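The block underneath contains the structure these notes are about, expressed in structure tokens.
Below, chain A is the first sequence line, B the second, and so on; all start at residue 1. Keep in mind that this is a model prediction, so the values were computed, not measured. Basis for what follows: all heavy atoms, side chains included, without hydrogens, waters or symmetry-related copies.
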Amino acid sequence: MSLLCDCNGIETATRRYLTGFDGLSWKPWVYISLLNSLMAYEVGNSPPPKPWERAGGTSSGPPPFKPPSPGSTSDVVEASGTARPGEIVSTADRNATVNRTALARPVPTRPWEPNYGNSSYGGGYGSGLNYGTGYGSSMYGSLGGGLGGTYGGGGMYGNNMYRGGYGGGMYGGSGMYGGGMYGGGLGGPMGGYGGMGMGGPYGDQDPNNPYGGAPPQPPGFWISFLRVMQGVVTFFGRISILIDQNTQAFHMFMSALLQLFDRSGVLYGELARFVLRVLGVRTKPRKVHPPGPDGIPGPYNNGNGGGQHYIEGPKAAPSGSWDNVWGNDGTRGM
Amino acid sequence: MPFFKTPFNGYSVKFSPFYENRLAVATSQNFGILGNGRVHVLDLNPSGPITEICSFETADGVYDCTWSEDNDNLLVAAIADGSVKLYDLALPPTANPIRSLHEHTREVHSVDWNPVRRDSFLTSSWDDTVKLWTVDRPASVRTFKEHAYCVYSSIWNPRHADIFCSASGDCTVRVWDVREPVSTMILPAHEFEVLSCDWNKYDDCLIVTASVDKSIKVWDVRNFRVPISVLNGHSYAVRKVKFSPHRQSLIASCSYDMTVCLWDYQVEDALVGRYDQHTEFTVGVDMSVLVEGLLASTGWDEMVYVWQHGTDPRAP
């Protein structure tokens, strides 16, 4: 390694050549056997050593980890028997995961899965780790929970599930993985529709045949509708996660908003009072009223109490509390 | 140091492990809720403004990015549509991304390259899983599914090629060995969602976690019943936390309270620095591996600041 590091330029050029970085086709797995044969040398340019690597060993006792295994990461994982290439986790798989302990609080429902956890659709959609089953590993399993009724049952998914999961994207679109592991890889052009429930029309096609059958058609009403629905669900999902990540901030925001509304009520009251006063309308002051001169029935002296002082609060009961709101006894006008 | 203004809201910033003046910024339109994303590659000039080398557009927001430890031109982006995209800066923009990996079924929230073995990277997603990818495979090597809620961050151990930890909204942090079928440790780290975690670079048994409960905790994986240290000081949820590559006990964090804080968990007054240059949520922070004390941050105010610890980030 040190030898190669000393002549970094050559090493970089070698690596570029080997991994095909110079060309537009980057297919390292084609060269993997070649790379493996060169694994004695480190192929690839290395960043400068990290500060902690220069510093030496760990400072506080042995770590509780198994010693690192030699070899590349993929080799190590495969040797351990835990490798599961390309696994796509559906909702049902998540429900079935094990070792779910030590939760400090109940996990909230995901915003994009209204019935998460008790979905009656969950079992139907998520039967698969393997790509062969009809609905397995559905990307839309998440939607299924909430909108299952709209789909009208699983039948619409058809049997071209491959395209739903992979079609529009990695395997079909880029062509890099075409003809590869999944067979359905070249279903790109129709992938989007397949996944979104157009399984019926295309259902009986050979998923390995990229061009057979009907050409892709513009999405119909339901497709567009479901796409819009998915967009809406995603939109609110992200907002919800954001709020989730920031519980305190949201709480503060909402309470500030409520306070603002509360205050604005007071504010408008004061404003109205001010404007009325400017216009010459005498309004009731908020504090203790000064005693009106005897004999002059002021607006605050309704006659039956003489110099009775009103404090803010419940009005005198006999004349009806609400009738006194405007300062005149309601019965006087009768 | 000057700043850089991005057209979209910043989400993450990472220094290159190869070049001390290069960094990548992940940004998303409309606060990452709706719209496109863009990855910027920036160059720092000793005197003068930050210049953009190139940028890559995506069809959905970019929540995180990381540099390859094996190739100075390789950049990985975590996209909100569930895809993971690889970019090669040596190629023309039309040839990028060189790879687009679609396996996550929900938004991908973090990506981290293995600094020890340098041939693999991890992505964590809102579909509750963490995936392990290697550059020599077209599909993920393994999927780690145990978390009961969104996984926000997964970080490799800087000294051990097979170990990583993941922080999740199910309030736990899990430690994993890629050779083991299940997680090797479950830390019930916080009362609320854990948004970020990182390993100590000098003591490979220490983990720092940051949570919605506004606190930062330092844990020893050999005895994780109680935290070694609890750092309080942020007034809102702590979004990202990182151990310094240069000093054993130094921690950088950024929070929804719009500040970047530096902590020394071993001293009494743990808060050793507080920077409030951002005017919106600060969601990305990084410390340069190559230049001691050099910090970078980004946030929803569409600004990227790069500054030396102890100086004013806004100073021209």
Side-chain angles (χ1 to χ4, degrees), chain A residues 21 24 26 28-29 32 35 44-45 47-48 50-52 55 58-60 63-66 68-69 72-74 76-77 80 82-89 93-94 97 99-105 107 139 142 166 169-170 174 176-177 180-181 235 238-239 241-242 244-249, chain B residues 17-18 33-34 69-72 88 95 98 100-103 105 117 119-120 127-129 134-143 145-146 148-149 158 160-163 170-172 177-179 181-182 186 188 191 193 195 201-205 212 214 221-222 236-237 245-246 256 289-290:
Chain A
F21 259 109
L24 294 183
W26 195 62
W29 56 94
I32 189 63
L35 278 172
N45 54 358
K50 307 279 188 249
W52 60 87
T58 60
S59 54
S60 66
F65 311 129
K66 285 202 300 187
S69 307
S72 73
T73 300
S74 37
V76 167
V77 175
S80 72
T82 56
R84 297 181 87 167
E87 181 180 3
I88 292 185
V89 179
D93 288 337
R94 277 208 309 253
T97 50
N99 207 0
R100 191 167 285 172
T101 55
L103 296 191
R105 61 161 187 166
V107 173
M139 285 180 78
S142 54
Y166 297 104
M170 163 170 63
S174 69
M176 281 179 155
Y177 313 107
M181 303 169 67
F235 175 78
R238 286 186 190 166
I239 288 186
I241 289 286
L242 184 68
D244 224 31
Q245 288 192 356
N246 206 348
T247 314
Q248 271 92 356
Chain B
F18 289 89
I33 291 169
L34 194 68
E69 296 276 343
D70 188 46
N71 180 329
D72 53 346
D88 189 344
I98 55 170
S100 183
L101 307 159
H102 298 250
E103 280 188 24
T105 52
R117 208 177 267 132
D119 64 345
S120 54
D127 66 7
D128 305 0
T129 66
T134 58
V135 286
D136 58 352
R137 299 292 161 92
S140 67
V141 175
R142 230 199 114 173
T143 304
K145 45 178 203 288
E146 250 182 51
Y149 200 62
H160 201 306
D162 300 311
I163 307 290
D170 66 8
C171 311
T172 65
D177 187 322
V178 296
R179 298 161 294 184
V182 295
I186 302 172
E191 290 292 306
E193 290 186 75
L195 299 183
K201 309 294 186 290
Y202 293 86
D203 184 341
D204 58 357
C205 293
V212 167
K214 304 184 271 190
V221 294
R222 289 162 299 192
Y236 287 124
H246 296 276
Y256 285 114
V289 177
L290 301 173

The reported gap from CD in Glu193(B) to CD1 in Ile241(A) (rounded to nearest 0.5 angstrom) is 6.5 Å
Can you tell if the side chain of Leu290(B) reaches within under 4.5 Å of the side chain of Pro48(A), non-hydrogen atoms only?
-> yes
Should Cys205(B) and Pro64(A) count as side-chain neighbours, where that means a heavy-atom distance under 4.5 Å?
-> yes
Top of Leu242(A), Val76(A), Asn246(A) for chain B proximity - count of heavy-atom pairs under 4.5 angstrom | Asn246(A)
Decide yes or no for Thr105(B) and Ile88(A): does some side-chain heavy atom of the first lie under 4.5 Å from some side-chain heavy atom of the second?
-> yes
Taking the side chain as every heavy atom from C-beta outward, state whether Lys66(A) and Arg179(B) have any atom pair closer than 4.5 Å.
-> yes
Between Pro158(B), Pro181(B), Ala161(B), which residue shows the highest count of heavy-atom pairs closer than 4.5 Å to chain A?
-> Pro158(B)
Who wins among Ser69(A), Pro47(A), Ala83(A) for the most heavy-atom pairs under 4.5 Å with chain B?
-> Pro47(A)
Applying side chain to side chain contact (heavy atoms under 4.5 Å, CB included) to Pro68(A) and not counting sequence neighbours gives His160(B), Asp162(B)
Would you call Val289(B) and Pro51(A) a side-chain contact if the rule is heavy atoms closer than 4.5 Å?
-> yes
Partner residues of Lys214(B) under the salt bridge (charged side-chain N to carboxylate O under 4.0 Å, His left out) criterion, sequence neighbours left out = none
Can you say whether Ile163(B) sits under 4.5 Å from chain A via the side chain, the backbone, both, or neither, judging by heavy atoms?
-> side chain
Distance from Asp136(B) atom CG to Ser72(A) atom OG, nearest 0.5 Å?
-> 6.0 Å
